[in-house]
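Order of the sequence lines sets the chain letters (A, B, ...), proteins ahead of strands, with each chain counted from 1. In what follows, every heavy atom counts, from backbone to side chain, and hydrogens, waters and symmetry copies are set aside. Bear in mind that the values here come from a model prediction, so they are computed numbers and not experimental data.
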There are 2 protein chains.
Amino acid sequence: MLNSYSAADKVLLAVDCIIFGFDNEGLKILLIKRDFEPEKGKWSLIGGFLKRDEVLDNAATRILNTYTGFQDIYMEQLYAYSEIDRDPVERTISVSYYALINIENHNEELIKNYHAQWFSIADAPKLIFDHDEMLEHAIRRLRYRTSIKPIGFELLPEKFTMRQLLELYEAILSKELDKRNFISKINSLEILIKLDEKDMQSSRKGSYLYTFNKEKYEEKLLNDFVLNL
Amino acid sequence: MLNSYSAADKVLLAVDCIIFGFDNEGLKILLIKRDFEPEKGKWSLIGGFLKRDEVLDNAATRILNTYTGFQDIYMEQLYAYSEIDRDPVERTISVSYYALINIENHNEELIKNYHAQWFSIADAPKLIFDHDEMLEHAIRRLRYRTSIKPIGFELLPEKFTMRQLLELYEAILSKELDKRNFISKINSLEILIKLDEKDMQSSRKGSYLYTFNKEKYEEKLLNDFVLNL
DNA sequence: AAAATTAAGTGTAAAAAATACATTAATAAA
DNA sequence: TTTATTAATGTATTTTTTACACTTAATTTT
């Protein structure tokens, strides 16, 4: 019967995480070298299995936390991958999530323990299974989402310069942006607070630091913005 | 161990379909009155379970075909829903798909057999489980996707008038559009063929019929268009 | 102490895109 | 032949986007 509930076709559900980070070298992803079969020794997204009494979102944050020690990280579900032989060991459907990490604060210890490593998007190694497809999909989603939601800030430190923000968007969109036009577009959103503080690392003059004004953003609009960069 | 493959946590995977149709009354969805427990007699999306050796996309098309007789339908995966008690009978994760149907050709027989019925989006009944959330999610996705991909045509007959296309976009976006601006924006995409034929149903003068020029669209660009309506 | 260096910060004019808007055309029915 | 109905069409205005270069502030070098 069409709609019968039956144990016959239960499957394993995995969660794989595309973990994005950003530093002065550009946009990065965190990968692990698998220390178990199959594909032991190959590079892989960070993943795990959904537990019986766990929601997918929780599985994603749990897995992220296990490998990186991070909590309260922005994550978004992407897509369910279900090719029959995508995992050669057993039929496994994987639901991908992407995460945005402020790379400055990552937990070195945990990452080392799991042989995890940050790679520039551009020169990431070939990944196992369908993980390359997941990565590509995640980048597309990230591009779209950052153009309508203020999630880019998740990749930056609490306080950041306009240059950092510009370079972040350049990395995400992988194209050059005009500095003046970028700044005026960002300013027109009116969601940043310009601090009195300056960052003195990058120049002699020093550049003003900004923070994301989450309260203002939230009270401002329920709708998305449109950021045509 | 973190990454062990284990049968312990296998789950049922369902697929639920948000089936959109369009006619002169507007945008519609196809719902069924459940004839089995739980929630027997309530309105529901059309759904079913993933089979062991089946890919999600295939499950979605199979389920759609079973209820409507349709084949070769545009479908897109939306999202995986995994709340613990979303289905009260058993832990079930559901992956939603939306489908775009040319409502003129639907298979009346099959739809009647399954107590299926088209509802205007505006006055759809309360749905079971988390199906209302799925529907809302699907409308959002449909809005976005039709603004960058030529999938609106899937909801129209092979030959259609500009007025039909206009009203389709108005229904999807649920806002009024200026006729002249709409037509010039559509024309600027250069993906329609204006036929010599006219549709005489709607007026004395008759209005030209168009078809989507799929070949031209495909040779034209690998990228998406941007349709700011 | 002056000169050179470096990145920060800032505004405007031109081009392109989006919008608002009203009349004529074709035909069938009365 | 008059009336009624929807189809078809273009332009001027406003808004948005783009392209573009010099001055400022502070440090380092000479």
Can you give me every donor-acceptor pair (side chain of residues 22-30 of chain A, partner residue at least two apart or in another chain, under 3.5 Å) with its distance?
from: A/Asp23; atom 1: OD1; to: A/Glu25; atom 2: N; distance (Å): 2.8
from: A/Asp23; atom 1: OD1; to: A/Gly26; atom 2: N; distance (Å): 3.4
from: A/Asp23; atom 1: OD2; to: A/Lys28; atom 2: NZ; distance (Å): 3.0
from: A/Glu25; atom 1: OE1; to: A/Lys28; atom 2: NZ; distance (Å): 2.8

Item to check | Geometric class of the A/Tyr81/A/His137 ring pair [parallel <30°, tilted 30-60°, perpendicular >60°] | outcome: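 Ring orientation, 0 to 90° scale: perpendicular.
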
Checklist entry - Mapping B/Arg180 and A/Arg180 onto DNA chain C by nearest heavy atom, which one lands closer to the 5' end? => result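 Closer to the 5' end of DNA chain C: A/Arg180.
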
Checklist entry - Within a radius of less than 6.0 Å around CZ of B/Phe70, do more than 12 heavy atoms belonging to other residues, nucleotides or ligands occur? => result yes

Checklist entry - Should B/Lys185 and B/Asp178 count as side-chain neighbours, where that means a heavy-atom distance under 4.5 Å? => result no

Next on the checklist: With a 4.0 Å limit, can you tell me whether A/Asn181 has a side-chain N or O closer than that to the phosphate oxygens OP1/OP2 of D/dT17?
Outcome noted: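 Looking at the OP1 and OP2 atoms of D/dT17, neither is under 4.0 Å from any side-chain N or O of A/Asn181.
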
Item to check | Partner set under ring pair (Phe, Tyr, Trp, His ring centres under 6.0 Å) for B/Phe153, not counting sequence neighbours | outcome: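 Counting only residues at least two positions away or on another chain, B/Phe153 forms a ring pair (Phe, Tyr, Trp, His ring centres under 6.0 Å) with B/Phe160, B/Phe212.
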
Item to check | Listed partners of A/Phe119 passing ring pair (Phe, Tyr, Trp, His ring centres under 6.0 Å), at least two apart | outcome: A/Trp43

Please write out each protein N/O paired with an N/O of nucleotides 23-30 of chain D under 3.5 Å, distance rounded to 0.1 Å.
from: D/dT24; atom 1: O2; to: A/Lys205; atom 2: NZ; distance (Å): 3.0

Item to check | Shortest side-chain distance from B/Tyr208, nucleotide among D/dT17, D/dT9, D/dA8 | outcome: D/dA8

Checklist outcome for this item: With a 4.0 Å cut-off (strictly under) to non-hydrogen atoms of chain A, the first and last hit nts on DNA chain C, 5' to 3', are C/dT5 to C/dG11

Going by distance alone, is a donor N or O of one side chain under 3.5 Å from an acceptor N or O of the other, for [X] and [Y]?
X	Y	value
A/Tyr74	A/Glu76	yes
A/Ser203	A/Arg163	no
A/Asp199	A/Thr161	no
A/Ser94	A/Asp16	yes

Checklist entry - Between residues 167-179 of chain B and DNA chain D, which residues have a heavy-atom gap below 4.0 Å? => result B/Lys179

Item to check | Between C1' of D/dA8 and CG of B/Asp196, the distance in whole Å | outcome: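 The answer, rounded to whole Å, is 16 Å.
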
Next on the checklist: Could you tell me how far apart B/Leu166 (CG) and D/dA8 (C1') are, to the nearest whole angstrom?
Outcome noted: 13 Å

Item to check | For B/Thr211, the option from B/Glu197, B/Lys159, B/Lys194 that meets side-chain contact (heavy atoms from CB on, under 4.5 Å) | outcome: B/Lys159

